[in-house]
Number of protein chains: 2
Amino acid sequence: MLDFKKLELNPSEPVYLQIVSFVKRQIFIGTVEQGESLPSRREMAALLKINPNTVQKAFRLLEEEGIVVTPPNAVSIIHWDEEIYAAIQKELTAGLVVDFVAQAKANELTLDMVMALLKDEWEKGDER
Amino acid sequence: MLDFKKLELNPSEPVYLQIVSFVKRQIFIGTVEQGESLPSRREMAALLKINPNTVQKAFRLLEEEGIVVTPPNAVSIIHWDEEIYAAIQKELTAGLVVDFVAQAKANELTLDMVMALLKDEWEKGDER
DNA sequence: AAAAGTGTATTATTGCTATGATACACTTAA
DNA sequence: TTAAGTGTATCATAGCAATAATACACTTTT
């Protein structure tokens with residue numbers, strides 16, 4: 001179930017994008033079910049202490065990507081098909097990697113170097 | 001030797017940052033020598049077809065990081081010590097990785113998944 | 001019927017950042 | 001001495017993107 005109380009807003013990134021990412025991540029991780037309904041624009045705005053229009057902007061984006069469906073005069077609903085899920089998955093996995101590799105190559109790093117750095121950094125986080 | 005003709009400006013990222021990155025990358029890669037002098041603000045502006053103030057902004061940033069030294073009324077000179085070099089190196093290698101790992105973890109990917117994706121993406125580029 | 005709740009469209013505001021224009025002080029070379 | 005070349009500081013401009021204010025049409029509930 002979507003729990004927007006867990007969404008901690010970061011002041012340096014646009015709020016509406018953070019909402020979009022949050023929803024996608026929850027779908028990808030598997031904490032959301034098909035047909036689950038979202039809070040109303042105003043409810044959510046109150047919860048996050050932001051302007052309803054900011055919520056609307058996020059929801060609209062999600063709607064354009066097919067992740068959200070909004071019946072007339074009713075609350076939005078989460079919905080996805082295989083294709084959409086694949087797109088989300090790609091964005092959250094391979095998509096990440098593409099940018100990263102591009103930068104690493106621009107700096108003339110080798111695959112081995114990058115793998116080593118990556119492993120280090122990954123495990124560094126685990127220890128703590 | 002620094003060759004700014006090789007710097008292709010990308011309209012979507014701030015020009016002054018591109019200049020800064022370019023210089024750092026050249027130092028890291030090893031195509032620049034200590035004491036090498038940079039073109040004057042105006043020269044470089046003419047070369048890149050931008051405003052001299054934009055060049056100035058880039059050079060000032062580099063100066064603040066200690067990568068550039070500017071004697072009074074003279075052209076700027078490239079200079080670095082061990083500490084600075086280490087910082088550049090870090091930014092261009094480990095620094096990259098830190099952000100990447102943070103995002104990957106936010107998406108609940110595993111190290112194995114990421115390594116596999118990374119290898120794929122890396123080699124995909126090599127084939128072409 | 002009225003009130004409160006939906007989403008939505010339009011417009012305004014704000015703030016930030018990149019870039020540009022201009023003028024100044026100084027040095028060097030002609 | 002004058003002209004052209006340095007860097008630099010200050011201010012202006014422009015553009016964009018995020019957010020906010022407001023009003024509207026429609027349902028549902030009381």
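All chains are named by letter (A, B, ...) in the order of the sequence lines, taking the proteins before the strands, and each is independently numbered beginning at 1.
For the pair M44(A) CE and dT6(C) P, the interatomic distance rounds to 14 Å; values are reported in whole Å. Rounded to whole angstrom, the span from the CD atom of E43(A) across to the P atom of dA4(C) amounts to 16 Å. Atoms CD (E64(A)) and P (dT8(C)) sit 11 Å apart, rounded to a whole Å. Between the P atom of dT8(D) and the CG atom of L62(B) lies a distance of 12 Å, rounded to the nearest Å. Taking atom CG of L38(A) as the reference point, atom P of dT6(C) lies 13 Å away to the nearest angstrom. Nucleotide dA9(C) holds its P atom 15 Å from the CZ atom of F59(A), rounded to whole Å. Rounded to an integer number of Å, the gap from CD of E13(A) to C1' of dT19(D) is 15 Å. Computed from coordinates, the R41(B) CZ to dT19(C) C1' distance equals 17 Å when rounded to whole Å.
Which of dT6(D), dT8(D), dT6(C) sits closest to the side chain of S40(B) comes down to dT6(D). Which of dG7(D), dA20(D), dA21(C) sits closest to the side chain of N51(B) comes down to dA21(C). Ranking dT19(D), dG7(C), dG7(D) by closeness to the P14(A) side chain, first place goes to dT19(D).
Residues S12(A) and N10(A) bring a donor and an acceptor atom of their side chains to less than 3.5 Å of each other. No side-chain donor from either of E63(B) and S76(B) sits under 3.5 Å from a side-chain acceptor of the other.
Atom OG1 of T31(B) and atom CG of D3(B) lie 9.5 Å apart (nearest 0.5 Å). Rounding to the nearest 0.5 Å gives a distance of 10.5 Å between OG1 of T54(A) and CE of M44(A). Within the model, atoms CZ of F59(B) and OH of Y16(B) stand 15.0 Å from one another, a figure rounded to the nearest 0.5 Å.
Take Q103(B) and apply the side chain to side chain donor-acceptor pair (under 3.5 Å) test, not counting sequence neighbours, and it matches no residue. Checked against side chain to side chain donor-acceptor pair (under 3.5 Å), K24(B) has the following partners two or more places apart in sequence or in another chain: E65(B), E91(B). Remark: S21(B) pairs with R25(B) by the side-chain contact (heavy atoms from CB on, under 4.5 Å) rule, at least two apart or across chains. Every residue meeting the side chain to side chain donor-acceptor pair (under 3.5 Å) condition with Q34(A), not counting sequence neighbours, appears here in chain and number order: H79(A).
Taking side-chain N and O atoms only, T54(A) has a distance below 4.0 Å to OP1 or OP2 of dA20(D). Taking only side-chain nitrogens and oxygens, K57(A) comes nearer than 4.0 Å to OP1 or OP2 of dA18(D).
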Which atoms of nucleotides 9-14 of chain D (N or O only) lie under 3.5 Å from a protein N or O atom, and what are those distances?
from: dA9(D); atom 1: N6; to: N53(B); atom 2: OD1; distance (Å): 3.2

Practice task
Would you give a per-nucleotide map of nucleotides 23-30 of chain C, 5' to 3', where B means the base has a protein non-hydrogen atom under 4.0 Å away, S means only the sugar-phosphate does, and - means neither?
Solution key: ---BS---
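Heavy atoms of other residues, nucleotides or ligands lying less than 6.0 angstrom from CD of E8(A) number 12 at most.
Here Y16(B) lies in heavy-atom contact (under 4.0 Å) with sugar-phosphate atoms only. Residue contacts shown for Q18(A) are absent, as no nucleic acid heavy atom lies under 4.0 Å away.
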